[in-house]
Each structure stands twice: as C-alpha cells, then as structure tokens.
Amino acid sequence: MNPINPSPKYNPAEVEDKWYAYWLEKGFFHAQHNSGKEPFCIVIPPPNVTGVLHMGHMLNNTIQDILVRKARMQGKEACWVPGTDHASIATEARVVGMLRERGIKKSDLSRDEFLKYAWEWKEKYGGIILEQLKKLGASCDWERTNFTMDPDYYKAVIRVFVDLYKKGYIYRGLRMINWDCEAKTALSNEEVLYKEDGERSILYSVRYRINGSDDEWVTIATQRPETILGDVAIAVNPTDERYKKLVGKKVLVPFIHREIPIITDDYVDKAFGTGCLKVTPAHDVNDYEIGLRHLLPVIDTINDDGTLNEKCELPKFVGKDRFAVRKEIVKDLREAGHLIKEEEFITRIGRSERTNSVVEPKLSLQWFVKMKEISNTALKAVENDEIKLHPAKFKNTYRHWMENVRDWCISRQLWWGHRIPAYYFGPGENDFVVAETPVVALTLASQKAGRPLVETDLRQDADVLDTWASSWLWPMQVFDGFDNENFDSVRGKIIRTKNKDLNYFYPTQVLVTAPEILFFWVARMIIAGYEYMDEKPFEDVYLTGIVRDKLGRKMSKSLGNSPDPLDLIARYGADGVRTGMLFSSPAGNDLPFDEKLCEQGRNFANKIWNAFRLVKGWEVAEGTIPVENEIAIQWFDSRFHQSLEELNDHFTKFRLSDALLTVYKLVWDDFCAWYLEIIKPEYRKPIDGETYRKTIHHFENILKLLHPFMPFITEELWHEFYERKEKDCIVVASWPEEKGYDTSVLNHAALSFNVVSEIRNLRNLKGLSPKESLTLYLKAAETILDKSFIAVIQKLSNIHEVLFTKNSIDQAATFLVGTTEFFVPLAGKTDAVKERETILKELEYLQGFLVSVEKKLSNEKFVNSAPPNVIEMERKKKEDAEVKIKSLEENLKGLP
RNA sequence: GGGGUCUUAGCUCAGCUGGUUUAGAGCACUACCUUGACAGGGUAGGGGUCGAGGGUUCGAAUCCCUCAGAUCCCA
C-alpha cells in the first residue's frame with residue numbers, strides 16, 4: 001500500500017471547520033442579482049432570535065442546504081437568505097424571566113426601560129443559532145442576514161399596517177380572547193395548553209327560581225359558579241321536550257335577583273348536565289356567540305387581574321380573586337338552598353403556556369385583519385397548483401382552512417415587537433388615527449379632531465403586533481421590498497422593477513417548513529405576496545415532519561428529550577448527522593429520531609473514505625487494460641447515468657430520502673461492492689493507468705452527487721485527488737449532465753452479478769472457501785454473455801474456467817438465472833439429499849406460482865376483458881415457469 | 001363537536017392514474033466468512049393473510065362504504 005494512506009477512520013472534526021471557513025473566504029455562498037444566471041432562492045424560516053438549535057432546525061436546514069447546494073452546482077445563482085425572528089411572546093417571556101431572576105419585575109419598569117433590557121438580551125444571545133447553523137454546513141448568504149426588528153424591517157411592518165388600514169382590511173373590534181390574568185396579556189390559541197387527559201373539575205347543579213312562582217325552579221349545570229353574577233339568560237335546546245313549557249319565562253339570578261329570560265339555542269347539548277345552560281356572554285366563547293344571536297347584554301364581572309369588579313353587584317366579592325369567589329359562592333349557594341348537586345368530572349381546562357394560570361375568556365378591543373377577501377387569490381393559487389405543496393395531501397388541509405378563514409387578531413399585549421401605529425387623541429371610540437410616524441399622525445389627528453393638536457395630545461396604542469404580522473412579509477422584506485423607493489403607497493403595491501434584488505430573486509423557489517405553521521406563516525406569506533407583489537412568494541413548499549423521540553413525543557426543550565445537535569455533530573460529523581436525519585424523513589411524515597441513524601450516516605462517510613483510501617493506495621503502471629476493467633468502466637458509466645436520472649427525478653419530486661438512498665446504493669453497492677471489486681488489482685500489484693484515470697473520474701462524479709448531502713467529506717476528497725486551483729472546489733463544481741445509458745450493458749451486468757451471487761451462495765451452502773477455484777458450465781448458447789462479462793464473473797467468484805454445454809452435468813451443483821441453467825461440478829462434494837431438498841423447495845414455489853398464473857389464464861372473463869399486453873405478460877410468466885420446472889425436474893432425475 | 005392525514009416485515013418507509021412473477025427498500029436480526037480499503041467490513045438467509053369487515057372489478061395494498069386505532073388543525 002501507498003505509505004501516504006491515512007487512517008482507516010474518517011475524522012470529520014479535522015476537516016469541517018477548515019472547509020467552512022474556506023467557502024466563506026472565497027465567497028461561494030454570496031449571490032448577486034447580476035450574475036446572468038438563473039436564480040434559485042430560498043428564504044430561511046427565521047428561527048427565534050434567542051433560540052438555540054434543536055433537532056427540528058437540523059432537519060429543516062439540512063433539507064434547505066441540500067436543495068441550495070444542488071442548485072448552485074447546477075449553475076444557478078443560489079441564494080439562501082438567513083435571518084431571525086424577534087418572536088415577541090417567546091422572547092418577551094424569556095426577558096421577563098431573566099429580569100425576575102435579577103429581582104426586577106416587569107411592572108416596575110417603563111416600556112423604554114424594559115425594551116433596553118430586551119435589546120441587551122437580544123444582542124447577547126441573538127444569533128447564536130445562526131452560528132450553530134454554520135457547524136451544520138449551511139451555505140447561507142450571510143451578507144443578507146435579516147432580523148424582523150431591524151430598523152428597515154420594523155418600518156416595513158408599520159408601513160404594511162398603515163396600508164392595510166387605508167385599504168380597509170384592518171379594523172378594531174370586540175373579540176373574545178384568551179386572557180392570562182397573571183401576565184395580564186392576551187394569548188393566542190396556540191399559547192393555551194390543555195392537559196392531555198383533561199383535569200378534574202366539579203360540575204355544580206344550581207337552581208334558579210322562576211320569576212312569579214313560589215317554588216318553581218330551573219336547574220342548570222356549571223363549572224364556574226363565580227360567573228353566575230354575569231348571567232343574562234338560560235338556554236335550552238329547542239327540541240328538548242322537558243323545558244318547552246318554560247321557554248319565554250323569566251328566572252331570577254341567585255342573590256342579585258336579576259331577571260333573565262329562558263331562551264332556546266341549538267348549541268345546548270340536551271345530554272350534558274341538566275340540559276339547561278346558563279348564558280354568560282362576557283366569560284365564555286360559546287355564550288358570547290349565543291349572546292350575539294339573541295342580542296343579549298354583556299356583563300363583564302371580572303377584572304384584568306382575575307378579581308371580580310362592581311358589576312357583579314355583590315360588594316363582598318369585589319376585588320376578590322375568581323377562584324376565591326368560587327369557593328365562597330358555592331358555600332353561599334349551598335346555604336341558600338340553590339345548590340342541588342356537586343359531581344366531579346374530567347374536563348379540558350386551558351392554561352397559559354407561560355404562567356400556567358387558568359385562561360380566562362375575555363372580551364376585549366383588539367385589532368383585526370379581515371381575511372376573507374384578501375385571501376381569495378392565495379386559496380386559488382394552491383388549489384390550481386400555482387404553488388405546489390409537498391406532499392400534496394396538505395392541499396386539503398390548506399383548502400379547508402382558507403375556506404373557513406377567520407379574521408386575524410393581530411394585536412398582542414406585549415412590549416417586545418412592532419408597536420401598533422395607532423394614535424389616540426380623545427375619549428371617543430373613533431378618536432384615533434393610523435400613521436407611519438407621530439408627525440403624520442399629528443397632522444391627521446388635527447384634521448380629524450377639527451382642532452390643532454400638539455404631540456402630547458396623542459397617545460400611541462400600547463400593544464404590539466403578532467409576530468406573524470411581521471414574518472408574513474419575509475420573502476419580500478429580506479430584499480427590502482418595502483423601502484421608500486420601491487413602495488407605491490398610493491396603490492399599496494411594491495414596484496418590483498425598482499428593486500433589482502427583489503426583481504431577480506422573487507418569487508423564491510422553495511420554502512421548507514413545518515406543517516404546523518402552514519396557516520400561521522405559509523398561508524399568510526402567500527396572501528401578502530399576492531397583495532403586494534401580485535405574485536406568489538415561492539413555487540414549492542416542502543413540508544417537513546416533526547422530529548420525535550422513540551416514544552413518539554415531540555422533541556422539546558421542556559421535555560429534555562432532544563439530543564444536543566452540536567454534540568451529535570461532534571460525535572458523528574456534520575455529514576453523518578445530515579444523512580442520518582435524511583435517511584428516514586419522507587416529506588410530511590414525522591421523523592422518529594434515533595441516534596442509530598446518525599451512526600449509519602457516519603458509517604457511510606467512513607465507507608466513502610475507505611473507498612478513497614483504496615484507490616489512493618494503488619500504484620499505477622501503464623500497461624494494457626484487462627477486459628473486465630474495460631467493461632466495468634463502461635458499465636459503471638451507464639449505471640451512474642441511470643442513477644443520476646433517478647436522482648434528478650427524486651429531486652424534482654422533493655423525495656429527498658429516496659434521493660439519498662439512490663446515491664447511497666450507487667456508492668455502496670455499485671461503486672464499492674461491484675465496480676471496485678472488479679477492477680481491484682491483486683495484492684501489491686499495480687493498476688493500469690487507463691483504469692486508474694477512469695476510476696478517479698467516476699469517483700469525482702460520485703462525489704458531486706454526494707456533495708449536497710455530505711458537503712464536508714466530498715470537499716475534502718475533492719482536493720485529495722489532485723492539487724487544485726484556488727476556486728476549483730466541489731461546492732461550485734458542475735452537477736453531472738444526464739445522458740443516455742446502455743441498457744444492454746446494464747442487463748448483461750445484472751445477469752453476471754446474479755451468477756456471481758449464486759456462486760457465492762453455493763460456496764456458502766457447500767462450505768467452500770472463496771480461495772477454492774471452480775469450473776462453471778452454462779447450458780446456453782455462447783452468445784448469452786460476451787467474454788468481458790465472463791471475465792468479470794471469473795474474477796469475482798474465483799472461477800478458473802467457463803464452459804458452454806448442451807447437456808446437463810452430473811455430480812454438479814446447479815442453479816438458474818432467468819431461464820438459463822448453470823452447473824458447478826463438485827465431484828465428491830455434492831450432497832444428493834440436500835440437493836434434492838433445495839430443488840423440491842423451488843419446484844414447490846414454481847408450481848404454486850404456475851397454478852396461480854394458469855388460474856388467471858383459464859378464466860374466460862380475464863382473457864376477454866384484460867388488455868392484450870397483460871394477457872401476453874401472463875402467458876410469458878407461464879412459459880418461463882414451465883421451462884424452469886422442466887429443467888428442475890430433469891436435474892432431480894439426474895440425482896443419484 | 002367539525003375537518004384533515006395516516007394504518008404495509010421487529011423499526012422507518014416505498015409501492016404514483018387498479019394488472020411485469022405468490023408485495024419491495026434501508027436498518028435491525030440469524031448463520032457463515034474475513035491478515036490485503038472498510039469488524040463502523042463481506043456473503044447469504046429468515047421475516048408480512050398490506051388495521052378489521054363489506055362492496056365494485058376478470059383482477060384490489062391500490063377505488064368506494066362501514067368500523068377501530070393513531071395523529072394534527074380548528075372550535
């Protein structure tokens with residue numbers, strides 16, 4: 001062996017950082033609008049600015065990197081735009097937590113003071129995640145890094161709010177929201193958590209006296225007796241015979257004797273509780289809707305902090321917490337004879353993700369985006385495949401959501417985020433203006449108020465915008481789409497031709513993201529894209545699965561079941577982890593993560609490494625090329641192009657696991673197990689120059705196909721074969737062109753390899769050493785295989801002589817490949833009993849098979865109605881089976 | 001409660017508009033081999049009545065219905 005041959009184990013740690021730095025230094029990841037090439041752009045789903053890399057990011061970003069690297073090699077101007085999201089709720093919660101640890105309460109700080117802390121926090125931890133992505137090999141254009149609260153981005157978000165307001169899409173309205181009484185903030189639905197098995201609660205049956213009667217009662221069931229002071233009606237199902245005669249009568253709310261009607265509503269479930277529902281519009285979503293239907297008043301008895309207010313009409317409860325009041329009022333109800341029954345039951349209780357306090361449904365003035373009209377085009381775009389979802393099954397989900405889209409509540413009671421540009425100048429409901437700057441607001445407000453106002457007369461809305469109300473602009477604003485020069489504020493459109501980057505890169509090609517944010521983010525980006533660019537933001541959406549642990553749980557920090565990605569990279573190499581994740585992640589399916597996959601990835605890298613060591617270790621001597629090498633080179637060329645075609649096809653269909661598997665098999669099976677074994681010179685013998693050069697050429701081609709998946713090892717090996725020029729790197733090498741392949745060579749090779757397998761199998765069965773040379777007979781015409789393939793068979797299965805025969809050979813082991821019979825004479829080594837067993841077993845299978853085929857063919861209906869090619873195929877099957885059976889039977893006769 | 005998706009070998013999945021063998025792959029498993037690129041290797045093998053039950057059809061893993069289970073989204 002050549003003395004320069006390095007370690008039999010590939011060491012990723014030694015090469016990864018080196019190459020990443022080199023790629024950056026040469027600027028390979030930077031893309032420009034004037035390259036003259038076809039653009040290929042992906043915008044990253046921006047991770048939370050203060051987040052750290054988890055397994056979901058690993059999968060998601062590996063996929064993006066694979067797509068970007070392949071496009072770059074295909075000669076496209078590949079641009080992967082990175083960045084981070086300010087993630088208002090998550091980040092604010094972390095800052096609040098950090099301050100709490102330092103003994104500082106948010107409520108003691110002014111808005112500006114709090115934001116100062118928040119920015120400090122962001123500066124300290126922001127962007128860690130982007131550094132981690134570099135370890136993975138992510139080939140992002142770092143010069144284009146964006147943050148959703150960068151000054152320009154901030155402006156864009158505000159500009160869009162103002163624009164949508166002007167267009168009439170934004171309005172202010174009452175809405176039942178999820179309220180966190182502890183954090184005193186509204187929560188989005190996804191921030192409300194429910195315990196999996198529900199929680200224990202008590203269902204109280206409370207009776208209300210019918211007005212005007214002495215002892216006539218209606219009994220309702222409730223879990224929240226403290227809200228009865230806000231009751232405005234009792235509802236029953238209209239089909240409920242039990243209560244028909246009571247409808248229209250009035251009852252009295254206990255203690256406060258408010259007179260409320262008994263009404264009917266379909267919502268009421270006859271079977272639940274008593275079948276009578278108390279209606280409290282201020283404190284329950286469904287009750288609120290019933291209230292709307294029946295024009296009932298709303299009596300809000302609970303304050304922002306969860307205490308009761310004076311509207312409950314009972315001074316003893318005012319200022320007391322809702323749960324304390326529940327206890328007291330239950331006691332009072334019991335004593336007053338109103339409480340009929342208490343029973344435990346399991347129910348779903350919503351709790352705040354942040355504070356774990358029970359979520360209070362609360363009516364509140366919020367800002368909304370009207371969604372129906374603005375989302376029409378976005379619905380159609382996916383319907384008619386203008387934007388393709390992968391896998392397509394998500395089209396149904398998307399359609400259903402878009403057809404039933406609800407208005408989007410975009411205000412959040414937080415400080416970290418884009419502050420809503422609404423300015424109030426008076427006490428009236430409409431005493432406000434919406435403007436991009438306080439200066440403009442002042443002018444507008446003065447006009448609206450009809451009197452000159454000064455700056456101090458204006459009060460800006462305290463709330464910030466939902467995070468998605470900034471990230472939905474991502475594909476446009478990462479290219480500064482909303483800058484002054486590009487944005488036509490009269491029409492409310494981006495003038496794309498004024499912005500070269502945007503004009504060139506938009507629409508982007510692929511978006512890679514998780515299905516759970518299909519609506520929150522993907523759909524809204526589509527909506528915004530059509531609204532401002534009159535064009536989709538991306539061509540294809542690849543939806544990844546959720547990375548789960550072995551127990552099927554989502555990997556999360558709180559569960560502590562997620563391995564540390566950087567630790568995995570340290571142990572298996574970035575290439576190993578990348579391929580490991582991809583081995584088992586078909587689009588749209590969850591990925592049950594197992595470290596064994598990374599191990600498999602690492603083993604693959606090692607296999608490639610050792611193939612390199614083998615080739616690199618050969619001494620080269622010019623001389624004639626052996627026939628088997630010649631055919632092997634030819635065969636591998638065909639096999640390579642066949643795989644390339646398959647690989648490209650998988651890529652266009654976004655079947656990346658399959659794509660990886662195609663390359664994996666090409667490398668492991670075809671290149672290492674067959675090709676290298678055929679051309680491998682005898683121990684310590686040199687290889688001929690022609691074979692050596694062609695082999696390196698094949699190797700280089702293989703490395704190219706591997707590069708998107710395994711960027712580091714391929715770059716390392718790329719430079720091991722030759723001294724290369726400064727910018728001759730595989731990261732920018734050209735992706736191989738498809739060309740035809742010789743199917744006849746492929747077929748002959750397949751036949752030869754089958755024969756080799758059969759002989760190896762034979763050796764296994766007979767306990768013959770691979771070193772023992774054998775003779776092979778073919779009962780076939782000599783034209784069946786040409787000499788070079790016979791040489792291949794001889795070399796790979798240690799056959800010293802191949803002979804053609806017209807008759808069966810006695811005292812020989814036999815096998816079939818296709819319909820051709822092969823014999824290996826084994827005088828004295830055959831075991832007639834075993835032989836018979838083997839043949840009988842195969843005969844049994846073939847006869848069973850034949851019966852099933854014959855059954856089909858003898859079915860008149862089948863012969864009459866099946867298409868001719870199908871019938872022809874069945875006939876062929878039958879013939880083949882018969883030929884095989886015949887020859888097996890003959891062999892059986894030949895046995896002693 | 002409404003809607004979606006899924007159920008194929010021990011595990012993870014292919015199987016596209018029904019018909020190329022009596023269902024494939026990777027991993028795992030079993031046996032054997034191995035001083036000569038790689039034991040993180042090689043060769044071979046075992047393993048599934050395609051969730052259950054109906055139906056359509058000459059023919060169903062594939063289309064339709066019912067049921068069961070898993071999972072996600074919306075309320």
Side-chain angles (χ1 to χ4, degrees), chain A residues 1-2 5 8-10 189-190 267 269 285-286 289 391-401 403-406 515-520 546 548 550 552 554 572 576 583-586 588-594 596-597 599-618 653 655 657-658 660-662 664-665 668 672-673 676-677 680-685 756-765 767 769-771 797 845-846 848-853 855-857 859-867 869-874 876-878 880-881:
Chain A
M1 285 227 306
N2 202 314
N5 245 341
K9 284 174 190 170
Y10 168 62
N189 287 333
E190 57 274 21
Y267 171 75
D269 179 355
V285 184
N286 296 308
E289 275 164 19
K393 65 182 179 184
F394 285 109
K395 266 174 90 171
N396 291 338
T397 322
Y398 181 88
R399 184 195 314 117
H400 186 256
W401 190 77
E403 280 174 352
N404 298 287
V405 68
R406 292 163 159 249
E516 64 250 46
I517 55 173
L518 185 59
F519 311 127
F520 296 134
I546 297 166
R548 295 178 181 279
K550 281 186 202 163
K554 192 169 164 175
Y572 299 104
F583 272 128
S584 158
S585 54
N589 277 11
D590 287 359
L591 165 70
F593 183 76
D594 189 333
K596 282 207 161 150
L597 293 167
E599 209 177 305
Q600 197 189 338
R602 180 197 60 190
N603 293 354
F604 186 37
N606 205 47
K607 184 76 183 175
I608 299 163
W609 179 252
N610 278 293
F612 156 74
R613 284 178 68 230
L614 174 69
V615 173
K616 190 73 183 174
W618 287 331
K653 291 174 181 154
R655 306 170 73 143
S657 288
D658 293 315
L660 172 62
L661 201 60
T662 300
Y664 183 82
K665 286 191 199 165
W668 204 302
C672 294
L676 289 179
E677 291 299 329
K680 194 157 137 186
E682 277 178 62
Y683 187 48
R684 287 182 192 283
K685 296 250 173 85
V756 171
S757 291
E758 288 291 348
I759 295 169
R760 285 173 180 167
N761 190 15
L762 200 70
R763 287 184 191 274
N764 248 349
L765 287 171
S769 157
K771 286 171 188 154
S797 45
Y845 170 86
L846 281 169
F849 174 65
L850 186 62
V851 168
S852 81
V853 177
K855 211 162 142 192
K856 251 191 214 176
L857 282 170
N859 183 341
E860 244 177 76
K861 284 181 184 169
F862 171 75
V863 181
N864 290 337
S865 34
N869 62 321
V870 173
I871 296 172
E872 191 45 46
M873 221 142 47
E874 292 300 317
K876 181 83 171 55
K877 281 192 215 166
K878 184 180 171 218
D880 281 4

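Both backbone and side-chain heavy atoms feed into the values below; hydrogens, waters and symmetry mates do not. In what follows, chains are A, B, ... by sequence order, proteins preceding strands, each numbered from 1.
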- Query: Nearest to the side chain of A/Asn606, which nucleotide is it out of B/U21, B/G40, B/C6?
  - Reply: B/G40
- Have a look at A/Phe519 and say if it touches a base, only the backbone sugar-phosphate, or nothing, with a 4.0 Å heavy-atom cut-off. sugar-phosphate
- Message: I'd like to know if the side chain of A/Asn404 reaches the main chain of A/His400, judged simply by a donor and an acceptor atom lying under 3.5 Å from each other, with no hydrogens or angles considered.
- Response: yes
- Could you check whether A/Arg602 gets within reach of a base, just the sugar-phosphate, or nothing at all, counting any heavy atom under 4.0 Å? base
- Task: Please determine if a side-chain N or O atom of A/Ser757 lies less than 4.0 Å away from the OP1 or OP2 oxygen of B/A44.
- Result: yes
- A/Lys395 atom NZ: more than 12 heavy-atom contacts under 6.0 Å: yes
- Over all atoms of both residues, closest heavy-atom pair of A/Tyr398 and A/Phe519: CA-CE2, 3.8 Å
- B/U62 and B/U17: how far apart are their P atoms, nearest whole angstrom? 12 Å
- Would you kindly compare A/Pro867 and A/Val863 by the position of their nearest RNA chain B nucleotide and give the one closer to the 5′ end? A/Pro867
- Message: Taking the C1' atom in each of B/U22 and B/A9, what is the distance between them to the nearest angstrom?
- Response: 16 Å
- Of all the choices, B/G19, B/A37, B/G3, which nucleotide is nearest to the side chain of A/Ala866 once you look at every atom? B/G19
- Note on the structure: To the nearest angstrom, the CD-P distance between A/Glu682 and B/A37 comes to 12 Å
- Message: What's the gap between B/C58 and B/G45 when it is taken at their P atoms, as a whole Å value?
- Response: 39 Å
- Query: Taking the same atom, C1', in B/A61 and in B/G24, what whole-Å distance lies between them?
  - Reply: 12 Å
- Selected nucleotide, minimal atom distance to A/Asn764 side chain, candidates B/A44, B/C58, B/C74: B/A44
- Task: Output, in order, the C-alpha distance, side-chain angles, deciding distance and verdict of side chain to side chain contact (heavy atoms under 4.5 Å, CB included) for A/Lys680 and A/Trp618.
- Result: CA-CA 9 Å; A/Lys680 194 157 137 186; A/Trp618 287 331; 4.3 Å; yes
- Write down the distance between CD (A/Gln600) and P (B/C27), rounded to a whole number of angstrom. 6 Å
- Would you indicate which nucleotide in B/A37, B/A25, B/C58 comes nearest to any side-chain atom of A/Cys672? B/A37
- Nearest-Å distance once atom C1' is located in both B/U43 and B/C50: 30 Å
- Between B/G3, B/C27, B/U22, which nucleotide has the shortest distance from any of its atoms to the side chain of A/Tyr845? B/U22
- Could you pick out which residue, A/Val870 or A/Lys665, lies toward the 5' side of RNA chain B when each is mapped onto its nearest nucleotide? A/Val870
- Message: Applying a 4.0 Å non-hydrogen cut-off, can you work out what A/Glu677 is touching in the nucleic acid: base, sugar-phosphate, or nothing?
- Response: base
- Item | Pair assignment for B/U35, Watson-Crick or G-U wobble, requiring both distances under 3.5 Å | none
- Message: Heavy atoms from C-beta onward define the side chain here; which of B/C27, B/G15, B/G45 lies closest to that of A/Tyr664?
- Response: B/C27
- Query: In whole Å, what is the span from the CG atom of A/Leu676 to the P atom of B/G42?
  - Reply: 12 Å
- Message: Check whether A/Asn761 reaches the backbone of A/Ser757 with its side chain - one donor and one acceptor, N or O, closer than 3.5 Å.
- Response: no
- Message: Work out how far the C1' atom of B/U20 is from that of B/U66, and round it to whole angstrom.
- Response: 34 Å
- Message: If the cut-off is 4.0 Å, is A/Trp668 near the phosphate of B/G42, judged by side-chain N/O to OP1 or OP2?
- Response: yes
- Residue A/Lys680, side-chain atoms from C-beta onward, closest of B/A37, B/U22, B/C58: B/A37
- Note on the structure: Winner on side-chain proximity to A/Asn603, out of B/G26, B/G41, B/U43, is B/G41
- Message: Return the pairing partner of B/G10 with a 3.5 Å limit on both distances, Watson-Crick or G-U wobble; otherwise return none.
- Response: B/C27
- Item | P-based separation of B/G55 from B/U8 [nearest Å] | 24 Å
- For the student: nearest non-hydrogen atoms of A/Leu850 and A/Ala881, plus distance: CD1-CB, 3.9 Å
- Message: Using the side-chain heavy atoms of A/Lys607, tell me which of these nucleotides is nearest: B/A44, B/G41, B/C58.
- Response: B/G41
- Query: A/Met873 has a side chain; which of B/G19, B/C38, B/G3 sits nearest to it?
  - Reply: B/G19
- Item | Between B/A70 and B/U30 - C1' atom distance, rounded Å | 32 Å
- Query: Contact class for A/Ser769 vs. all strands (heavy atom < 4.0 Å): base, sugar-phosphate, or nothing?
  - Reply: nothing
- Please work out if A/Asn396 contacts a base, only the sugar-phosphate, or nothing of the nucleic acid, heavy-atom cut-off 4.0 Å. sugar-phosphate
- Task: Indicate, with a heavy-atom threshold strictly under 4.0 Å, whether A/Thr397 touches base, sugar-phosphate, or nothing.
- Result: sugar-phosphate
- Message: Can you see if the side chain of A/Arg655 gets near the phosphate of B/G15 - specifically, an N or O under 4.0 Å from OP1 or OP2?
- Response: yes
- Query: Quick one: are the ring centres of A/Tyr10 and A/Phe612 less than 6.0 Å apart?
  - Reply: no
- Using side chain to side chain donor-acceptor pair (under 3.5 Å) as the criterion, list what pairs up with A/Lys596, not counting sequence neighbours. none
